[in-house]
Structure formats: structure tokens, C-alpha cells
Amino acid sequence: MFRFSTIFAFLVCISISIGAQKKTTDKNPLVRLEENINSGKIAESEREVFDYVIANPKDAKGFAVFAKLRLNQGRSSEAKSLANKALALDGGVISAKLTLAEASFNLGEIEESKSYLNQISSSLPTDNRLLLRLAELFDIVGDCQKSLDVAEKLPLKLRNSEALPLRAKCLLVTGNLKSFGELIQLAKPLSKQNPKLTTRFAVVLSNASLHKDAAEIIRQILVNSPQNSEAIILLAKSEVYLRDFVNAKKHIALAEKLQPNSSQLHYIKAIYESEQGNEAEALNLLEKGLISNPNDVEFLSQIVISAMRSNQSLKAFRTAERLIALQPANADYLYLYGAASLQNSRLTEAETSLEKFLEIRPNDSRGCVALGLAFAANPDKVLQAQNQMIKCLTLNPNNFEAAYQLGLSYKSEGDLQKAAGYIEQTVRLSPDYAAALRDLGAVYLQSGGELKARPVLEKSATLNPNDADTHFQLSRLYNLIGERDLAKKHLEIFQKLRNPKKDGM
């Protein structure tokens, strides 16, 4: 544990070279310093904060501001020590408690962080800024319902302005779509009054894959601020995911003229390439961007995704390790680390990371299934995998991936009745899932149901004509029902898809 006494000794040492302590005419310099820190003026504030703490060694609020500065620098261990020092001087400094909770979370001490926040919420702060920060931290630790409960205590004006992006995110997480729709209506008129806040709201929509709604709001911002490069870049991102590549390319070109060195622009260019299947070029752009931003977590996370898509499992895993080292308790990065570990056959790491992810987001469908897949990859944990997938379906009966994986598990065990039941459920939920249709047809064939197998296998081949296994199953089917020419045709397609180099010689 980094001891506060070490920090304080260092401060005393460096203060010797300063000479007489600088007197300030500020009536309340801490207010100004905290505002500077909140606005990102970290380097400009550091020396003044040092000087203030040296000059006022018994001022708890001074240490609280110092803790906030260290937190914003990513130095969470030091921030935690400083926050504890502030609370030792005055146990009622709420800002120090909030910093302590956030620093603990950043260090991976999730339950400890939640405990600190629950203590604060038992007697809510009267300062609206602290109240908003408490709501934001409940969101960070994965308790969106408490975040919303705290946000509701804010005055209406603040609730419908600064707290709007937070409320939107948490309403989506808790599934309150009616109230979320009302927030979209509140955000639209803000595009002219407060474009920066409205952009933050659009980011929430974009992160929730609501790209159509995000694009609509951003276009309203650009009506009044046509040179707003941040909004233009965000619009390009939404257009990429909407597969509107023509307009995305135009907006990327416009953003390059306005802000050619923007790291976010480089990121969007990589996304543009990735969504068109150019993973090699996407990785190249991302890695170039990392040269000047080696710890940029957004770049690192997209590298993990692109590397997994291009089956570069080791690169994905190593990059995910860097993400976790930077932010060990970030839920999104825990998921990526778990997924990359699974693809790299590092099952222990996958299980551990995904279990931590589900501690933060217990109702997350993708994490639930990923953990089930990690269990399924271990021959000794087949039953555990099945129980996990059943749990996923209990949490969300529409989770077609969980139903599919359950079906495959029972198929591998030879329980064709259960396998057919779960894969049929998958197809009901996702009628164009080509792989599920293929496997359902295979189960029907194994059960002697050639007539049932034919339509699902033929549909699977239409949806994904380059899947070799589908053509193999069709060859089996046509042989069984006596259509030899079709059987031969699909066997030849299967062989070409399985051995493309041999066929091309």
C-alpha cells in the first residue's frame, strides 16, 4: 500500500526549493482549483495544489482537492491515500468520500467502492454537484437504479441538463424505454442552447447502438454549429454503423479539414474500415494512432475487437491485458479481456474476468453467454455451462444465443430431443440465423426427420452460401431422399469450400 507519509515527505522536500510560501489573494482558492481540475486543467493546477497542502497541512478540503487531482491523473492509489488523509482530518468531507469510492473502484476493489457509495447515500449531500457525482459513480459501479434514485433528488433544471446523459444511459440499462423516449424529446431543443451537453447525450445513444437517434440529434446540432468538429466526427461514427458509408466518408473528409490531428477522427477512420471488413487496414490505423496515444483505451479496445474479428487471438489477448492494467474494474474492458482470453483458449482468465464483469453488470446477456462459453470450452464443466445458459434464458427469454448454445450442448451429448427444442427456440427468436438453421437441419437428419430438415437447410444455404458444413448436410439430406444429382452438386460445393487452394490448382 502506498503510504501517505511518503507523499507528504516528498511534498515537504520539494517545498524547500520554493522558498517562502506564496501568499494568495484568493478568498477561497480551493473552489477555483477544483473548478480547474474539473475542467481538465490538471497540469496548471498541480503546483498550486501542492503549495496549498504544504501551507495548510490540517485542511481536510485541501487534501480532498489534491486527491481529486491525483484521481484525474489516473494515479488511483495515491488518490485513495490522500482521500483517507482528508477523512482522517475531517470525516464529513463528502468529496473525499466520493474520490475514495472512485479510486477503490479503479483499483478493482468493487465491493469496497459500492460500500463507500452506500454509506454516502444513507445521508445524501446537499451540494447538487456532489449529488450529481454520487449518481455518476453509482452508474460506474454498475448500479443504475441507485444512480437514477439519486439523480431524481436533483433540482429539475439540473436533472434535465447536466444529468440528462446519465439518466438516459441508466434508463436504457434498466429497461425504462418510456421515460427514455421522453428524455430524447428533452434533448432535441438543447441542441441550440447547449451543443456540448447535447453531444454528450448523443454519445450515450451511440454507445447504446441507437445510431439512428444519435444521428438525428447530431444533425440538429450541426444546423446551428456547422463547423462543430466533435459533432461531425460523432455523426460519421453513427453513419458508419448505419452502413451509410457514402455520407460517413464525406463527414470524415470534412472533419479532416477542421481537425486533422484529432485522435477521435483516426479512431472513426479505423471503424470505417472495420465495418467494411478491412480489418487489416483498421488495425494499421489504430496502431498508428497509438504511437502518440499509447494508453488511449478507446484505441486499445477497438484493437481488441478488430484483432478478434481477424482471428489474431494473441494480439487481441495482449492488447486486452493492457486495457485491464490501465482500468482493472472497467466493465467493458473486463468483458473484452474475457472474450479475448476465451478466443485464445485461456479459460481460467476468461472465467475470472467474465465473473467480475457479471458482478458489475449481473443482467448483461452477452457476458452471461460468454461465461457459459468459457465453461463449455472446459470438458469438466459441461453441466456448469448448461446451467449458465439456462440462467441466461431466465434473465432474458429472448436470448437466442443462449438457446442456441444449449441446443449445441445437448446435440453433442446425443440428446436430440432437447437439442431440437432449444435450436427451434433459437430460430423462432432469430429466423435468419443461418448457423442455427444448419444445426437444426442436422439434428432433424439425425432424428430421421428428412422432410423437416429440407426447408431449414435450404434456407441456411440461401442465407450463407459459403458455409461448407451446410452444403455437407444438404448432400446427406439429398442422398437420403434419393435426389442423387443434388447430393453430388452439394458435395462438390462442400469440397471446394473446404479445399479452395486445391481446387484452384
Side-chain angles (χ1 to χ4, degrees), residues 40 165 195-196 198-223 225-323 326-327 330 332-333 335-337 339-340 343:
K196 189 172 182 179
T198 314
T199 303
R200 281 173 49 207
F201 186 87
V203 168
V204 171
L205 299 179
S206 177
N207 290 342
S209 298
L210 298 171
H211 299 295
K212 186 176 179 180
D213 292 316
E216 183 181 343
I217 285 178
I218 298 161
R219 289 188 186 104
Q220 288 187 338
I221 294 171
L222 292 174
V223 168
S225 308
Q227 303 297 302
N228 185 327
S229 58
E230 184 183 1
I232 292 167
I233 291 169
L234 189 59
L235 178 57
K237 178 182 178 182
S238 290
E239 289 168 339
V240 167
Y241 285 122
L242 290 167
R243 307 195 71 77
D244 182 0
F245 296 123
V246 173
N247 280 316
K249 191 173 182 178
K250 288 179 183 176
H251 286 116
I252 288 171
L254 177 57
E256 282 181 319
K257 291 179 182 177
L258 296 170
Q259 204 173 350
N261 298 318
S262 163
S263 61
Q264 188 64 19
L265 175 60
H266 294 315
Y267 174 78
I268 299 305
K269 288 167 72 175
I271 295 291
Y272 176 86
E273 296 296 339
S274 177
E275 288 303 305
Q276 294 188 97
N278 304 325
E279 297 299 347
E281 180 58 21
L283 280 170
N284 181 46
L285 287 165
L286 291 164
E287 287 171 342
K288 280 183 179 177
L290 274 183
I291 294 171
S292 55
N293 304 282
N295 293 327
D296 189 307
V297 291
E298 194 168 33
F299 276 81
L300 289 168
S301 60
Q302 187 58 38
I303 287 175
V304 175
I305 294 167
S306 290
M308 284 196 293
R309 285 178 177 175
S310 54
N311 292 317
Q312 296 188 47
S313 60
L314 185 59
K315 176 174 281 192
F317 176 74
R318 294 300 182 203
T319 308
E321 278 188 318
R322 290 173 64 185
L323 272 176
L326 289 166
Q327 295 188 20
N330 183 295
D332 291 324
Y333 305 153
Y335 173 78
L336 285 177
Y337 181 65
Q343 190 185 53

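Counting begins at 1 with the first residue of the sequence. Please read all numbers here as calculations on a predicted model, not as lab measurements.
- Separation of atoms CZ (Phe299) and OG1 (Thr319) is listed at 13.5 Å; rounding is to 0.5 Å.
- Note that OG of Ser306 and CG of Asn278 are 10.5 Å apart. Values are rounded to the nearest 0.5 Å.
- Tested against Ser229 for a side-chain contact (heavy atoms from CB on, under 4.5 Å), the candidates Leu265, Leu258, Leu234 yield a single pass: Leu258.
- At a threshold of 4.5 Å between non-hydrogen side-chain atoms, the residues Ser262 and Ile233 count as touching.
- Taking each heavy atom of Leu323 and Ser301 in turn, the nearest pair found is CD1-CA, 3.6 Å.
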Quiz prompt | Test side-chain contact (heavy atoms from CB on, under 4.5 Å) applied to Asn330 and Val297, step by step | solution = CA-CA 11 Å; Asn330 183 295; Val297 291; over 6 Å; no
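- Listed by first and then second residue, the salt bridge (charged side-chain N to carboxylate O under 4.0 Å, His left out) pairs that reach into residues 241-252 are Arg243-Glu275, sequence neighbours excluded.
- Residue Ala307 comes nearest to Leu283 through the heavy atom pair N-CD2, 4.0 Å, listed as atom of the first residue, atom of the second, then distance.
- From Leu300, atom CG reaches atom CZ of Arg322 across 5.0 Å, with rounding to the nearest 0.5 Å.
- Phe201 and Pro165 get closest at one heavy-atom pair: N-CG, 4.0 Å.
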Pairs under 3.5 angstrom only: tabulate donor-acceptor contacts from the side chains of residues 206-221 to other protein residues two or more places apart or in another chain.
| residue | atom | partner | partner atom | Å |
| --- | --- | --- | --- | --- |
| Asn207 | ND2 | Val203 | O | 3.4 |
| Glu216 | OE2 | Lys188 | NZ | 3.2 |

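- In this structure, CG in Leu285 is found 11.5 Å from CG in Leu290, a value given to the nearest 0.5 Å.
- Here CG of Leu235 is found 9.0 Å from CG of Leu242. Values are rounded to the nearest 0.5 Å.
- A side-chain hydrogen bond (donor to acceptor under 3.5 Å, both in side chains) with His251 holds for exactly one of Glu256, Glu239, Lys237; it is Glu239.
- A distance of 10.5 Å separates CD1 of Ile303 from OH of Tyr267, quoted to the nearest 0.5 Å.
- In this structure the side chain of Tyr333 never reaches within 4.5 angstrom of the side chain of Val304, judged on heavy atoms.
- For Tyr335, the ring pair (Phe, Tyr, Trp, His ring centres under 6.0 Å) partners are Phe357, not counting sequence neighbours.
- Every pair passing salt bridge (charged side-chain N to carboxylate O under 4.0 Å, His left out) that includes a residue from residues 199-209 is listed here, sequence neighbours excluded: Glu162-Arg200.
- For the residue pair Ala282 and Glu273, the shortest heavy atom distance occurs at N-CB, 4.0 Å.
- Between Ala316 and Gln343, the shortest heavy-atom contact is CB-OE1, 4.4 Å.
- Remark: Phe317 engages Tyr337 in a ring pair (Phe, Tyr, Trp, His ring centres under 6.0 Å) (not counting sequence neighbours).
- A 4.5 Å side-chain heavy-atom check between Gln302 and Ile305 finds at least one atom pair inside the cut-off.
- Each salt bridge (charged side-chain N to carboxylate O under 4.0 Å, His left out) pair with one or both residues in residues 283-308, not counting sequence neighbours, appears once here: Glu287-Lys315.
- In this structure the side chain of Gln327 never reaches within 4.5 angstrom of the side chain of Asp332, judged on heavy atoms.
- Residue Arg309 comes nearest to Ser274 through the heavy atom pair NH1-OG, 2.7 Å, listed as atom of the first residue, atom of the second, then distance.
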